[in-house]
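The structure appears right after this line, and notes come after that.
Residue numbers start from 1 in every chain, and the chains themselves are labelled A, B, ... in the order their sequence lines are given, proteins ahead of strands.
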Amino acid sequence: MPEVEAVVRTLRTLVQGQRIRRVRVFHPIAVKPQKASRLADLATNRLIQRVDRKGKYVLLALDRGLLTVHFRLDGQLIWFLDRRELLERANVKENGVHVDVALEFAKGVLGFADRRHFGRVYAWDCLEDSPGLTSLGVDALSKNFVVPRFLELVAASARPLKDFLLDQSRVAGLGNIYSCESLWHARLDPRRRAKSLKPEEARRLHKAIVSVLARALECCLHPAPDFHDSQWWFQGLEKILRAYGREGEPCRRCGAAIQRIEQGGRSTYFCRKCQK
DNA sequence: CCTGCTACCTGATGGC
DNA sequence: TGCCATCAGGTAGCAG
């Protein structure tokens with residue numbers, strides 16, 4: 001989510017207040033199960049009034065309706081200077097870039113790309129129509145993410161901490177990386193049940209989440225996202241990671257080897273010695 | 001309601 | 001070199 005927040009800030013400067021002149025759907029799978037015509041009909045000739053974020057979703061609020069963009073694992077945005085550049089480079093063999101959906105503006109074109117085709121661009125009449133959005137819990141980067149609320153959520157869940165943090169309907173915005181990192185910083189075992197935490201431990205976890213996300217956001221903002229370069233997409237984040245992806249390497253706190261286990265079908269990285 | 005499992009896709013990497 | 005298995009930053013949909 002820090003990545004999404006950074007993307008939103010750059011995107012705002014590019015498209016907020018701009019009118020969508022034309023919508024191109026090169027790969028309809030990127031709007032599935034909606035239809036390409038749905039996106040085109042709803043977005044063509046609409047003004048983008050605001051660019052916002054909820055959890056890991058990007059929201060483009062239009063003068064009528066809204067678009068949501070979700071990058072899932074590998075989605076990204078690409079900026080083309082004009083329609084000519086888009087058509088020259090999009091989805092061509094030689095020296096081309098993969099583009100699934102493009103929004104054309106008077107000056108510039110925004111491309112959404114995801115070779116893996118997990119990411120989505122959706123069109124909605126109103127925010128309430130999007131099930132993904134309405135089910136989101138409190139946003140972990142927002143002012144509403146306060147200790148008392150977090151203690152309530154923790155006390156109400158019997159799930160292992162790692163699964164609890166990944167559940168977007170409780171706290172929105174933490175993915176696999178930042179869940180692992182937050183638990184490492186809070187020195188908590190990812191396998192523990194959420195409701196087993198003492199208030200002091202839950203407060204520690206809250207503090208860890210806030211600081212991990214703040215640091216990651218700083219990292220994502222410097223240098224700021226650059227949609228012109230399709231190769232560039234958040235490199236250098238590994239530097240701040242303490243547990244994620246470090247299986248077998250020494251824990252930066254106690255020196256014991258970082259372990260990798262499976263939880264809910266995903267990898268969890270943690271230190272057995274100092275996360276209790 | 002809750003939980004756990006699978007499907008959805010493509011590409012990179014490593015072992016044999 | 002080729003082939004196969006495994007892994008990847010996420011979520012939706014389904015069964016129990």
Just how far, in rounded Å, is [atom2] of [N] from [atom1] of [X]?
{"X": "A/Lys32", "N": "B/dT10", "atom1": "NZ", "atom2": "P", "value": "11 Å"}
{"X": "A/Arg116", "N": "C/dT6", "atom1": "CZ", "atom2": "C1'", "value": "12 Å"}
{"X": "A/Asn176", "N": "C/dC7", "atom1": "CG", "atom2": "P", "value": "13 Å"}
{"X": "A/Leu133", "N": "C/dA12", "atom1": "CG", "atom2": "C1'", "value": "14 Å"}
{"X": "A/Met1", "N": "C/dG10", "atom1": "CE", "atom2": "P", "value": "11 Å"}
{"X": "A/Leu213", "N": "C/dG9", "atom1": "CG", "atom2": "C1'", "value": "14 Å"}
{"X": "A/Phe164", "N": "B/dC2", "atom1": "CZ", "atom2": "P", "value": "12 Å"}
{"X": "A/Leu165", "N": "B/dT3", "atom1": "CG", "atom2": "C1'", "value": "17 Å"}

Output yes when at least one side-chain N/O atom of [X] is less than 4.0 Å from OP1 or OP2 of [N], else no.
{"X": "A/Ser267", "N": "C/dC7", "result": "no"}
{"X": "A/Arg115", "N": "B/dG11", "result": "yes"}
{"X": "A/Arg170", "N": "B/dT3", "result": "yes"}
{"X": "A/Arg266", "N": "C/dG10", "result": "yes"}
{"X": "A/Gln168", "N": "C/dG10", "result": "no"}

Exercise for review: Pick the C1' atom in B/dG11 and in C/dA12, then give their distance to the nearest Å.
Suggested key: 23 Å
Check your understanding: Expressed in whole Å, how much space separates the P atoms belonging to C/dC4 and B/dC9?
Key -> 22 Å
Heavy atoms from C-beta onward define the side chain here; which of [options] lies closest to that of [X]?
{"X": "A/His70", "options": "B/dT10, C/dC7, C/dG10", "result": "C/dG10"}
{"X": "A/Leu237", "options": "B/dG11, C/dG10, C/dG9", "result": "C/dG9"}
{"X": "A/His117", "options": "C/dT11, C/dG10, B/dT10", "result": "B/dT10"}
{"X": "A/Leu73", "options": "C/dT11, B/dT3, C/dG10", "result": "C/dG10"}

Exercise for review: Classify the side chain of A/Glu3 versus the base of C/dG9 as yes if they form a donor-acceptor pair under 3.5 Å and no if they do not.
Suggested key: yes
**Study point:** Base partner of C/dT6, which must satisfy Watson-Crick or wobble distances under 3.5 Å
**Key:** B/dA12
Exercise for review: Can you tell me the pairing partner of B/dT3 across any strand shown, Watson-Crick or G-U wobble, with both distances under 3.5 angstrom?
Suggested key: C/dA15
Using a heavy-atom cut-off of under 4.0 Å over every strand shown, decide if [X] touches base, sugar-phosphate, or nothing.
{"X": "A/Tyr57", "answer": "sugar-phosphate"}
{"X": "A/Arg159", "answer": "sugar-phosphate"}
{"X": "A/Gly132", "answer": "sugar-phosphate"}
{"X": "A/Arg193", "answer": "nothing"}
{"X": "A/Tyr122", "answer": "nothing"}

Review point. Would you say the side chain of A/Pro28 lies within less than 4.5 Å of the side chain of A/Lys35, judging by non-hydrogen atoms?
Key: no
Review point. So among A/Arg191, A/Arg187, A/Arg193, which one has a salt bridge (charged side-chain N to carboxylate O under 4.0 Å, His left out) with A/Asp189?
Key: A/Arg191
Review point. Under the ring pair (Phe, Tyr, Trp, His ring centres under 6.0 Å) criterion, do A/Phe80 and A/His228 qualify, and how do the steps go?
Key: CA-CA 7 Å; A/Phe80 300 94; A/His228 299 89; 9.6 Å; no
Review point. In terms of the nearest nucleotide of DNA chain B, which residue is placed more toward the 5' end: A/Gly264 or A/Ser157?
Key: A/Ser157
**Study point:** Closest non-hydrogen atom pair between A/Leu42 and A/Leu66, with its separation
**Key:** CD2-O, 3.9 Å
Practice item. Mark this stacking check for A/Phe118 against C/dT11 as yes or no, applying ring centres under 5.5 Å and ring planes under 30°. Key: no
Check your understanding: According to the interplanar angle, ranging from 0 to 90°, do the rings of A/His206 and A/Phe150 count as parallel (below 30°), tilted (30 to 60°) or perpendicular (above 60°)?
Key -> tilted
Check your understanding: Can you say whether the rings of A/His98 and A/His27 are parallel (under 30°), tilted (30 to 60°) or perpendicular (over 60°)?
Key -> parallel
Point to revise | Distance in Å, A/Leu62 CG paired with A/Leu60 CG, rounded so as to fall on 0.5 Å steps | key: 6.5 Å
